[in-house]
K.L.:
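Sharing a structure with you now.
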Number of protein chains: 2
Amino acid sequence: MPGKKKMRTRRAKLDSTQPTTAVNLKDLAETLGLSSTTVSLVLNHSPIANSIPARTKRRIFSLAKKLHYHPNFVARSLRAKRSYTIGVMVPEVSEGYEAMVLSGIEDFLLQEGYFYFVVSHRHRRDLIEEYPHLLLARSIEGLIAVDTPCGRNLPVPVVAVSGHREVERVTNIVLDHDKAAALAVGHLFDLGHRKIALIKGQSFSSDTEVRWASLRLAMSARGLPLETLLTAQLEGDTPSPQLGYLATKKILAAGLSFTALIAFNDVSAIGAIRALREAGFRVPEDVSVVGFDDIQSAAFQNPALTTIRQPLWEMGQLAAETVLRRIAKGASAPYSRTLMVEPKLVVRESTAPAPRELPTVSERPSAALVGNG
Amino acid sequence: MPGKKKMRTRRAKLDSTQPTTAVNLKDLAETLGLSSTTVSLVLNHSPIANSIPARTKRRIFSLAKKLHYHPNFVARSLRAKRSYTIGVMVPEVSEGYEAMVLSGIEDFLLQEGYFYFVVSHRHRRDLIEEYPHLLLARSIEGLIAVDTPCGRNLPVPVVAVSGHREVERVTNIVLDHDKAAALAVGHLFDLGHRKIALIKGQSFSSDTEVRWASLRLAMSARGLPLETLLTAQLEGDTPSPQLGYLATKKILAAGLSFTALIAFNDVSAIGAIRALREAGFRVPEDVSVVGFDDIQSAAFQNPALTTIRQPLWEMGQLAAETVLRRIAKGASAPYSRTLMVEPKLVVRESTAPAPRELPTVSERPSAALVGNG
DNA sequence: CCGTATTACTAAATCGCATTACTAAATCGT
DNA sequence: ACGATTTAGTAATGCGATTTAGTAATACGG
């Protein structure tokens, strides 16, 4: 009699030209001639299933594998009140920064059986406010905010990657900016550079102020003054080399000569190099350029970019690990406010010893190197 | 009597020092002295609730708002068998191709109230097999497979972006490769190039064979022979300019001279340029290079890359739109097998008229341009 | 050979919501 | 005034997995 029933169920699925609907516990149980309780207990390695003979267990496992059975997460979540899902907020899914962080997050999360929702807010205030609630309504167990001023006081653990500091109950994963700045400035200083231009990030970027402060500190530690005329800020919402290009143009227009430039990140460094070349400077012979981040394409720029590597993938990984740990420990458990990761100087081809004489725009034929590297 | 019950429920929550657990339908109903059916019907604006007087409705809505009631998404999904979630499979969350497609997918999906899970398989066969089932277990309503040979016969609509063709019940979103190849070859031909080297994609990439066939077609249409010695294939799992670099090295080593190179994609084109330079060729004066895709950094290479733009963002957008449409129509509805998108030639700086004489490696001092562009 | 333990399971309740099928009372048309 | 309709709801079922509380059947100790 149970045989008949099982045949019908399976047959219906096999006969159909329609695609098979996902297998569920009951299907399994009926096919095996067991109760769904037994199957569930065995599949979950419950100690209560100790008494089930190995043979039966094997039968269960092998059929489950054969039919690609995976417990319905929605049902499981409902019952267990756990969603095994976390939310990730990013400014956008760009080609550079976020992709690397996401990749790190994903690797860790999937390996732990968690999935994640990504939402990108494009710096829109209303979305930054709204998304955490939308995610919460979907029962996320934790939230990772990448480069995003994240909502305070959410009922789940929040980990910020390069977020603004000092938000209650948020673990911050940040680069050691002081060390990063010291690395950049020190490298140029050691190459003999004394006139260094700086490009500051957009005001909405959470790294901007800290990195700027660290840069000033590192400069003054080497006795280098900070010339306002050698300074410009990125302007524009969507990150693109164009922003660095325009910022560099502005510095060049100010007329003060310099032998090195530290950009806010690699993307803007790429634009900066282009602006410098258009103005007739060779990089790195006349002007050295240092970026931040070490995005994948930094190594394949021409010249390859010297940069301060921000371990983005590892930061994503660490963020995921931290959220999961905080989830496991429970909401009331203590948590670290800040986790610092180490920057690394990656010397490539965009930096060189400072030239003997300060290069100026007027001195050299500006057409010489334009349009070709 | 109902009063007593409701007091107990609410009180328990208010007394607790633990964070309040979310309000549910039953809480609401009991507090209001109504059945959960009524409350549910009203909150969902069901026509069946037409007969409920406005006063009662108002009471329900206002209490719901006051207690911040949000229906439990998990329970709702289980019951309604709708998760408003779709799955996205990608080879990996890289900096280039996938990020753009994902971005397009996300824009459309979020705007329609859908969320998505991303999983990356890194070309591992077992993961490619297993992930669709894992996603299904999470009740996805549809699947987008980006550059992934996707599982056949799933119980939800599947849309493949640049997937392998001719899979049952899968809508394919593909570039018009014939047009793309004609654009690339035609552009170089018009510039006077007759000796064109080609880099073929990795065998696991779904675009590889079609693009190759189109390229051969386009070549022969112009009367250009396809020299095996001017041909190399990318080798390696993780996309990186390094692969293009090595492939180009191999072509150079073969010794046959050429004035132009068509790479499989922008990433490999970047590597190709580097290899050409190391061998002493100027790009584009000696050798022109054309890429495919038009990833963001293509425009900011030096020289800026001439490329065949694949509208990646739009493809993501279209994929999302198509999945949602197929979901709305139901599984048995007819669907388009293939949706073609148009390539566009983007002329930048990596292509130029063919030089008078065929350049050869031995003719020029190979150190001249190394390390600087 | 009786009572307890163990083995090998199963029935039923539960998670929160949606939905189908009702009901009891009031109102209406003729 | 009596059946029909409308009004204002409620009870019961099910989505799929987990979990608690069981139950037969056999084994074992004394």
Side-chain angles (χ1 to χ4, degrees), chain A residues 1-2 5 9 21-60 64 67 69-84 113 136-139, chain B residues 1-2 5 9 13 21-60 64 67-84 133-134 136-141 155:
Chain A
M1 208 53 71
K5 203 169 183 181
T9 310
T21 122
V23 191
N24 63 22
L25 200 59
K26 213 170 129 204
D27 292 338
L28 266 194
E30 284 176 356
T31 309
L32 288 161
L34 290 168
S35 74
S36 53
T37 306
T38 306
V39 180
S40 170
L41 256 24
V42 168
L43 289 177
N44 291 319
H45 298 99
S46 161
I48 308 176
N50 278 341
S51 62
I52 311 290
R55 243 192 82 179
T56 309
K57 286 185 182 174
R58 249 179 282 119
R59 282 208 314 140
I60 293 173
L67 299 184
Y69 169 74
H70 288 284
N72 179 319
F73 251 88
V74 177
R76 174 181 280 193
S77 297
L78 178 59
R79 183 64 230 249
K81 302 196 165 208
R82 300 210 48 184
S83 64
Y84 292 92
L136 245 23
R138 290 201 176 224
S139 313
Chain B
M1 211 53 71
K5 204 170 185 180
T9 310
K13 294 194 175 174
T21 119
V23 193
N24 63 24
L25 200 58
K26 212 171 128 205
D27 292 338
L28 266 194
E30 284 176 356
T31 308
L32 287 161
L34 290 169
S35 74
S36 54
T37 305
T38 306
V39 180
S40 171
L41 257 25
V42 169
L43 288 177
N44 291 319
H45 298 100
S46 162
I48 308 176
N50 278 341
S51 62
I52 310 289
R55 243 193 81 181
T56 308
K57 286 185 182 174
R58 250 180 283 118
R59 280 207 317 137
I60 292 173
L67 299 185
H68 292 110
Y69 170 76
H70 287 286
N72 179 318
F73 207 88
V74 174
R76 174 179 282 194
S77 296
L78 178 59
R79 177 65 231 248
K81 296 191 163 215
R82 295 213 56 181
S83 61
Y84 292 93
H133 297 284
L134 273 178
L136 245 24
R138 294 217 175 211
S139 311
I140 55 164
E141 294 180 23

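Scope of the values below: all heavy atoms of this structure, side chains included, with no hydrogens, waters or symmetry mates.
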K.L.:
Does the side chain of B:Asn72 come within less than 4.5 Å of B:Asn24's, by heavy atoms?
P.N.:
no
K.L.:
Only counting residues at least two apart or in another chain, list the ones meeting ring-ring contact (aromatic ring centres under 6.0 Å, His included) with A:His45.
P.N.:
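Partners of A:His45 by the ring-ring contact (aromatic ring centres under 6.0 Å, His included) criterion, ordered by chain and then number, come out as A:Phe61.
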K.L.:
Hey, what are the protein-to-nucleotides 20-25 of chain C N/O distances that come in under 3.5 Å?
P.N.:
none

K.L.:
Indicate the atoms forming the closest heavy-atom contact of A:Ala29 with A:Ser35, along with that distance.
P.N.:
CB-C, 3.7 Å
K.L.:
Pick out which of A:Val42, A:Asn44, A:Thr38 makes a side-chain contact (heavy atoms from CB on, under 4.5 Å) with A:Ser40.
P.N.:
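Answer to the side-chain contact (heavy atoms from CB on, under 4.5 Å) test with A:Ser40 among A:Val42, A:Asn44, A:Thr38: A:Asn44.
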K.L.:
So B:Ser36, base contact, sugar-phosphate only, or nothing? Heavy-atom distance under 4.0 Å.
P.N.:
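Since no nucleic acid heavy atom lies under 4.0 Å of B:Ser36, the category is nothing.
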K.L.:
If you compare all heavy atoms of B:Val74 against all heavy atoms of A:Ser139, which two are closest, and at what distance to 0.1 Å?
P.N.:
CG2-OG, 3.3 Å
K.L.:
Can you confirm whether B:Asp27 sits close enough to B:Leu67 that some side-chain heavy atom of one is under 4.5 Å from a side-chain heavy atom of the other?
P.N.:
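A side-chain contact under 4.5 Å is absent here.
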K.L.:
Bend angle of the helix from C:dC1-D:dG30 to C:dT30-D:dA1 from five-pair axes at both ends, rounded to 10°?
P.N.:
50°
K.L.:
Give me the residues of residues 68-81 of chain B where at least one heavy atom lies under 4.0 Å from an atom of DNA chain D, by number, or none.
P.N.:
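Within residues 68-81 of chain B, the residues near DNA chain D are B:Leu78, B:Arg79, B:Lys81.
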K.L.:
Is it the case that over 12 heavy atoms from other parts of the model lie below 6.0 angstrom from the OH atom of B:Tyr69?
P.N.:
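Enclosed: over 12 neighbouring heavy atoms sit under 6.0 Å from OH of B:Tyr69.
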K.L.:
DNA chain D: B:Thr56 or A:Lys26, which has the more 5' nearest nucleotide?
P.N.:
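Result: B:Thr56.
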K.L.:
Looking at every non-hydrogen atom in both residues, tell me the closest pair between B:Tyr84 and A:Arg138 and how far apart they are.
P.N.:
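Of all heavy-atom pairs spanning B:Tyr84 and A:Arg138, the closest is O-NH2, 2.8 Å.
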K.L.:
If I compare all heavy atoms of A:Pro71 with all of B:Ala137, which pair ends up nearest, and what's the gap?
P.N.:
O-CB, 3.4 Å
K.L.:
Test A:Leu28 against A:Leu43 for side-chain contact (heavy atoms from CB on, under 4.5 Å), laying out the working first.
P.N.:
CA-CA 11 Å; A:Leu28 266 194; A:Leu43 289 177; 4.0 Å; yes
K.L.:
So where does chain A start and stop touching DNA chain D, 5' to 3', when the test is distance under 4.0 Å to a non-hydrogen atom?
P.N.:
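The contacted stretch runs from D:dG16 to D:dT20.
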K.L.:
Is there a side-chain contact between A:Leu34 and A:Arg59 in this structure, where contact means two heavy atoms from C-beta onward sitting under 4.5 Å apart?
P.N.:
yes
K.L.:
Is there a side-chain contact between B:Leu41 and B:Ile52 (heavy atoms, below 4.5 Å)?
P.N.:
no
K.L.:
Which is true for A:Ser46 with a 4.0 Å heavy-atom rule: it touches a base, it touches only sugar-phosphate, or it touches nothing?
P.N.:
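Nothing, no heavy atom under 4.0 Å.
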K.L.:
Hey, could you give me each pair passing salt bridge (charged side-chain N to carboxylate O under 4.0 Å, His left out) that has a residue in residues 73-84 of chain B? Not counting sequence neighbours.
P.N.:
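Qualifying pairs: B:Arg82-B:Glu141.
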K.L.:
By the 4.0 Å heavy-atom rule, please label A:Asn50 as base, sugar-phosphate, or nothing.
P.N.:
nothing
